Amino acid sequence: MIVIATMSHFLSDFLGTMFKPLGPYFIERFGIDAATFGSTMALISSAAAIMQIVFGLYYDNVKRDGFHILLLLLATLLFVGLIGFSTSFGILAIFIFLIKLFNSAYHPIGASLAGSRHRGKDIALFSVFGTLGAAAGPVIITSYTSTVGFDKLYLLSIGLFVLLIPFIPRMMKHEKDEHTKKKFPGLSALKAIFPIFVVVTFRSFIMDMFHTYVPIFLTEKGASLITGGTVLTIGLLAGMVSTFFGVMLREKIGIFKINLIGFLSMGIMGILFFYIPDNMVRAICFLLFDAGAFLTMSANVVEAQSRMPSNKAFASSVTMGFAWAIGGFIGAGYAAAFGNNLSFLLLSISIFSLILSILMIYFSYRYGRKKRV
């Protein structure tokens, strides 16, 4: 079970996070500006992520979850193979949206599968392998585009399908151990996960903006396309480690104190990333930025599932989809307004993260104590 969850999460997030690092390439190839690219990517991600509410409710009532996961992976591979044939930014955006939509559909069912044994460690491993896939994406896709060519992505898609073949029989056979008809969560359950929704919404907004504009910022400072992708990969690898420890810390200090650490780290490291002129030191700052951001990722999902145990896929869809979508919509507007002023965008978001750390102190007092009672 956990093998299917972790392997599929690696592949899904690898395929779903390959395109932001190619921002400088798309800007040059299609003649668009940074604001257009950033706002379009944010809108695409948000429109796809908001559908996780629907997918979460649907997959709570699906018994053959292994088969459905396989269908989503195959559909994603198909469109990744086709995206290299895009002749305009509009066509490219449509393909990216479809890939993001399948990635969005995957997350609630994948997280529900990982959490089926009610063990935080399984959710942590699920997030670790997803983060590892997301970390591998930037450096691989920028290197692949610079050497093989973006128009030959179908070769990468075929290769990944071949690697998937040994897992297909096991995925086809897997079913839920227990399957009961799930009801729509009540108001009390929704109120219980509301503070988690707020936290993930703002964290997603901050992360999304940085992950979109860091490669563009580095390119403006004279770095190569591969350098931007490598820096993203370094940060995501750090996040892969920190997300596992976040689940362990949740049991010791509570969910909102973990988010306090996360927002403080993102704010401080975001400011240092902007002001320090050396790209090597910038990479270290971004590593610590992502370590703080991902520290909260698995912990928030585990917390949401623990507060809504009868609707795990729905709880996951709220904290992994709907909250991401709202954060992305905020980011889309922010990118449209300030995407061509990278200095203001990066600094203002970093300062906003520091302000949010104060909100986490209130949340810890208001909702954390209520949770313990």
Side-chain angles (χ1 to χ4, degrees), residues 13-49 76-104 133-157 207-233 235-236 279 286 324 328-329 331-343 345-346:
D13 278 11
F14 171 78
L15 296 171
T17 57
M18 292 194 302
F19 305 107
K20 285 182 182 178
L22 292 177
Y25 171 79
F26 294 143
I27 288 171
E28 181 180 355
R29 175 172 175 173
F30 297 112
I32 58 175
D33 59 23
T36 299
F37 174 75
S39 59
T40 301
M41 291 298 294
L43 284 172
I44 287 172
S45 297
S46 299
T76 305
L77 285 171
L78 172 64
F79 283 100
V80 167
L82 293 174
I83 198 170
F85 298 104
S86 303
T87 56
S88 68
F89 185 67
I91 295 175
L92 177 79
I94 292 172
F95 279 127
I96 293 177
F97 171 73
L98 291 172
I99 292 168
K100 288 286 189 180
L101 185 65
F102 293 128
N103 181 262
S104 178
V139 68
I140 289 178
I141 192 60
T142 51
S143 300
Y144 189 94
T145 300
S146 299
T147 54
V148 181
F150 185 76
D151 58 335
K152 293 183 174 60
L153 266 183
Y154 64 90
L155 296 176
L156 178 62
S157 186
M207 285 184 63
D208 192 47
M209 289 293 94
F210 260 81
H211 281 235
T212 299
Y213 283 102
V214 158
I216 300 172
F217 178 80
L218 290 174
T219 300
E220 288 189 357
K221 299 299 181 180
S224 67
L225 182 68
I226 296 176
T227 299
T230 303
V231 169
L232 286 186
T233 292
L236 289 165
N279 282 339
F286 188 74
W324 288 359
F329 282 130
Y334 210 74
F338 306 111
N340 289 326
N341 187 351
L342 294 187
S343 298
L345 186 144
L346 294 177

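If you're wondering where the values come from, they're calculated on a predicted model, not measured in any experiment.
- Rounding to the nearest 0.5 Å places CD1 of Ile216 at 4.0 Å from CD1 of Ile27.
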Please walk me through it: do Val80 and Met18 pass side chain to side chain contact (heavy atoms under 4.5 Å, CB included)?
CA-CA 10 Å; Val80 167; Met18 292 194 302; 3.9 Å; yes
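- Qualifying side chain to side chain contact (heavy atoms under 4.5 Å, CB included) partners for Asn341, counting only residues two or more places apart in sequence or in other chains: Ser343, Phe344.
- Note that OG1 of Thr17 is 11.0 Å distant from CD1 of Ile99, once rounded to the nearest 0.5 Å.
- Every residue meeting the side chain to side chain donor-acceptor pair (under 3.5 Å) condition with Asn279, not counting sequence neighbours, appears here in chain and number order: Arg282.
- The two residues Gly229 and Pro21 have their closest heavy-atom pair at CA-CB, 4.3 Å.
- A side-chain hydrogen bond (donor to acceptor under 3.5 Å, both in side chains) check over residues 134-148, counting only residues at least two apart or in different chains, returns nothing.
- Side-chain contact between Thr230 and Pro138: absent, with no pair of heavy atoms (C-beta onward) separated by less than 4.5 Å.
- Between Phe150 and Phe26, the angle of the ring planes goes over 60°, which puts this pair in the perpendicular group of the 30/60° scheme.
- Judged as a side chain to side chain contact (heavy atoms under 4.5 Å, CB included), and not counting sequence neighbours, the contacts of Ile44 are Thr40, Ala93, Ile96, Phe97, Lys100.
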Acceptor/donor pairs from residues 32-39 side chains to any protein atom, 3.5 angstrom cut, sequence neighbours excluded:
from, atom 1, to, atom 2, distance (Å)
Asp33, OD1, Ala35, N, 3.4
Asp33, OD1, Thr36, N, 2.7
Asp33, OD1, Thr36, OG1, 2.6
Ser39, OG, Ala35, O, 2.8
Ser39, OG, Thr36, O, 3.3

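- Pairs engaging residues 212-226 under the side-chain hydrogen bond (donor to acceptor under 3.5 Å, both in side chains) rule: Ser224-Thr227 [sequence neighbours left out].
- For Asp13, the side chain to side chain contact (heavy atoms under 4.5 Å, CB included) criterion is met by His9, Asn103, His107, Ala134, not counting sequence neighbours.
- Considering Phe217, Phe19, Phe286 as possible partners of His211, the one that fulfils the ring pair (Phe, Tyr, Trp, His ring centres under 6.0 Å) test is Phe286.
- A donor-acceptor pair under 3.5 Å is formed between the side chain of Ser104 and the backbone N or O of Ala48.
- Taking Tyr154 as the reference, Phe85, Lys152, Ile158 meet the side chain to side chain contact (heavy atoms under 4.5 Å, CB included) condition, with sequence neighbours excluded.
- Distance CG/Leu232 to CD1/Ile141: 13.0 Å, rounded to 0.5 Å.
- For Phe89, there are no ring pair (Phe, Tyr, Trp, His ring centres under 6.0 Å) partners, not counting sequence neighbours.
- Residues passing the ring pair (Phe, Tyr, Trp, His ring centres under 6.0 Å) test with Phe79 are Phe102, sequence neighbours excluded.
- Here the CD1 atom belonging to Ile226 is positioned 12.5 Å from the CD1 atom belonging to Ile140, to the nearest 0.5 angstrom.
- Between Ser157 atom OG and Ile83 atom CD1 the span is 11.0 Å, to the nearest 0.5 Å.
- Ala42 and Gly328 get closest at one heavy-atom pair: CB-O, 3.5 Å.
- For residues 84-96, there are no side-chain hydrogen bond (donor to acceptor under 3.5 Å, both in side chains) pairs, not counting sequence neighbours.
- Once rounded to the nearest 0.5 Å, the distance linking CG of Leu225 with CG of Leu218 reads 11.0 Å.
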